[in-house]
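Computed over heavy atoms, backbone and side chain alike; hydrogens, waters and symmetry mates excluded. Quick note on labels: first sequence line is chain A, next is B, and so on, each numbered from 1.
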2 protein chains.
Amino acid sequence: MILIGERINSGFKEIREAIVNKDEDVIKEWAKKQADAKATYLDVNIGTASAKVDDFLWLVDLVQNAVDLPLSLDHNKIPVLIEAMKICKKPPLVNSITAIDEKMDQLFPAIAEYKASVIGLVMDESGSPKSTDKRVENAGKIFAKIMEYGISPEQLFLDPIIMPLKYMQDQAKEILLAASQFQLFSNPPCHIVGGLSNVSNGTTKKKLINRTFCIMLIAHGLDAVILDVMDTELVDAILTAELIMNKSIYADSYIEAFRK
Amino acid sequence: MILIGERINSGFKEIREAIVNKDEDVIKEWAKKQADAKATYLDVNIGTASAKVDDFLWLVDLVQNAVDLPLSLDHNKIPVLIEAMKICKKPPLVNSITAIDEKMDQLFPAIAEYKASVIGLVMDESGSPKSTDKRVENAGKIFAKIMEYGISPEQLFLDPIIMPLKYMQDQAKEILLAASQFQLFSNPPCHIVGGLSNVSNGTTKKKLINRTFCIMLIAHGLDAVILDVMDTELVDAILTAELIMNKSIYADSYIEAFRK
């Protein structure tokens with residue numbers, strides 16, 4: 001499982017303040033804590049804490065120097081993502097692109113050049129899809145476009161767009177079905193990823209709902225997730241789900257082995 | 001979700017001794033504890049504690065008088081199951097039949113007469129199936145046979161036969177796919193059930209593995225389960241999985257509401 005640590009995000013007050021105050025220690029600490037918890041990538045999201053390109057580049061460089069992990073570059077401006085890709089020491093995961101031709105044409109040459117990976121959100125000009133079919137249609141558009149640019153399926157992380165259970169209770173089933181179908185585009189398949197915390201927005205049992213939905217997603221092909229990697233029970237559930245899906249070999253001590 | 005309490009089973013030493021000694025209090029206590037934990041049915045399995053029909057009838061009567069719940073009659077002899085059905089105050093769930101014509105022809109007239117339900121294990125003369133296809137083929141045989149006897153799909157609980165993860169790690173995926181396909185036999189579909197504890201046989205993380213696989217099964221159509229209904233974390237996971245599958249309506253207090 002590819003675990004993408006969500007914590008360096010200005011949506012968290014502590015991170016926001018650290019970015020505004022250029023407090024390197026707080027950022028480094030969160031980078032290290034997530035690395036210790038076995039994150040595969042660290043997501044770096046400056047959000048509304050600063051609109052300056054240099055501030056995002058400062059944050060990216062700070063994180064990549066704190067830990068020996070590749071980054072998930074999380075920004076809503078394509079030129080900023082491209083600038084950040086240029087300074088990454090390890091091929092990053094670019095978070096994210098949508099199924100809009102103009103945007104893909106702007107980003108994908110750089111993805112190919114820097115041998116990066118990219119999260120493809122299956123939404124388009126009309127917004128977030130509500131049905132399985134629309135999700136698969138948009139995924140197909142992204143898939144066709146990576147082929148044009150010589151980007152391999154292994155570099156693509158399709159995201160079915162996880163919706164909040166509390167407000168859109170009918171969506172989870174559509175998302176699971178969409179994830180299943182994403183696996184059929186190629187062999188070997190592209191990755192399937194989701195921003196897990198979205199499912200529990202506004203609920204009172206966030207960790208339980210995150211964990212339960214994550215298990216279901218893994219049973220439908222998810223092999224990467226943006227998550228709170230410090231949530232031990234969630235990670236234990238993920239390890240168990242992968243074991244059940246026969247993606248890791250059974251050992252009585254499968255959890256201890258991972259943590260070692 | 002239909003929760004079938006597994007605890008009155010002579011495989012548990014305490015229950016075995018209570019059966020042998022005709023210690024009614026121990027049995028009653030376990031019946032009440034499972035009822036308090038919101039079991040829908042109580043499984044009653046005398047196992048090797050006694051081969052006498054009268055002892056099984058004593059146990060069945062004891063349990064049904066202790067709590068106001070229907071029973072799951074768990075015995076490997078069809079004539080004994082039929083005798084027990086006759087004394088049940090509420091239509092029981094008969095646990096179980098296999099896809100063998102002679103046995104189904106022996107049991108199904110009584111299922112129809114007593115308006116009982118029946119667990120159909122998707123195995124046949126050749127033993128337990130290893131593939132999805134064989135499971136679905138055997139399920140089809142059972143399904144065709146209930147139709148002959150005027151038994152409705154709602155009275156049938158198809159069991160894909162859960163295998164131990166530790167010894168047959170490739171089986172879980174087959175079981176999930178089989179469960180998905182069982183849903184397609186009719187509309188409304190039959191029930192889909194499993195003996196959950198089997199999956200964690202011999203492992204050191206039984207509860208975590210049970211819980212994780214149960215969530216995956218629910219995402220593939222399971223709507224009934226033979227379980228340790230006293231395992232609160234398992235029941236919480238089940239309630240959450242049903243919420244995600246849109247089978248219950250979201251409320252912040254969905255767990256507290258169930259326990260009330």
Handout entry: B:L176, part contacting chain A, at a heavy-atom distance under 4.5 Å
Key =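 Side chain only.
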
Practice task
Check whether B:Q171 gets within reach of chain A through its side chain, its backbone, both or neither, counting any heavy atom under 4.5 Å.
Solution key: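 No part of B:Q171 comes within 4.5 Å of chain A.
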
Handout entry: Derivation and outcome, side-chain contact (heavy atoms from CB on, under 4.5 Å), residues A:H220 and B:H220
Key = CA-CA 10 Å; A:H220 288 78; B:H220 288 78; 3.5 Å; yes

Problem - Contact listing (chain A partner; residues 181-194 of chain B; heavy atom under 4.5 Å) - result: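 At a heavy-atom separation under 4.5 Å, chain A is reached by no residue of residues 181-194 of chain B.
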
Practice task
Spell out the residues in residues 244-253 of chain B that have some non-hydrogen atom less than 4.5 Å away from a non-hydrogen atom of chain A, in order of number; otherwise answer 'none'.
Solution key: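 B:I244, B:M245, B:N246, B:S248, B:I249, B:Y250, B:D252, B:S253, listed by number.
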
Problem - Interatomic distance, A:E242 atom CD to B:T212 atom OG1 [nearest 0.5 angstrom] - result: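 It is 12.0 Å, given to the nearest 0.5 Å.
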
So, do [X] and [Y] sit near enough that their side-chain heavy atoms are less than 4.5 Å apart?
X	Y	value
A:I209	B:Y254	yes
B:I255	A:K205	yes
A:L243	B:F213	no

Problem - Option that, when pairs with chain B are counted at under 4.5 Å, heavy atom only, ranks first among A:G202, A:A241, A:A237 - result: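 Greatest number of close heavy-atom pairs with chain B: A:A241.
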
Practice task
Return yes when atom NZ of B:K173 has more than 12 non-hydrogen atoms of other residues, nucleotides or ligands closer than 6.0 Å, and no otherwise.
Solution key: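 It does not: B:K173 NZ has 12 such atoms or fewer within range.
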
Exercise for the section: Answer yes or no: are there more than 12 heavy-atom neighbours, outside B:K166 itself, under 6.0 Å from its atom NZ? Expected result: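 Check passes, neighbour count above 12.
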
Exercise for the section: Please state whether the side chain, the backbone, both or neither of A:E174 comes within less than 4.5 Å of a heavy atom of chain B. Expected result: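 Neither part.
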
Problem - Toward chain B, the part of A:I215 with a non-hydrogen atom under 4.5 Å - result: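 Answer is both: backbone and side chain atoms of A:I215 are under 4.5 Å from chain B.
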
Problem - Residue pairs fulfilling salt bridge (Lys or Arg N to Asp or Glu O under 4.0 Å) with at least one residue in residues 5-16 of chain B, sequence neighbours excluded - result: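 Qualifying pairs, neighbours excluded: B:R7-B:E14, B:K13-B:E17.
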
Problem - Partners passing side-chain hydrogen bond (donor to acceptor under 3.5 Å, both in side chains) against A:D236 (at least two apart in sequence or in another chain) - result: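 Counting only residues at least two positions away or on another chain, A:D236 forms a side-chain hydrogen bond (donor to acceptor under 3.5 Å, both in side chains) with A:R259.
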
Handout entry: For chain A, the option from B:L208, B:D170, B:V199 that forms the most heavy-atom pairs under 4.5 Å
Key =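 That would be B:L208.
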
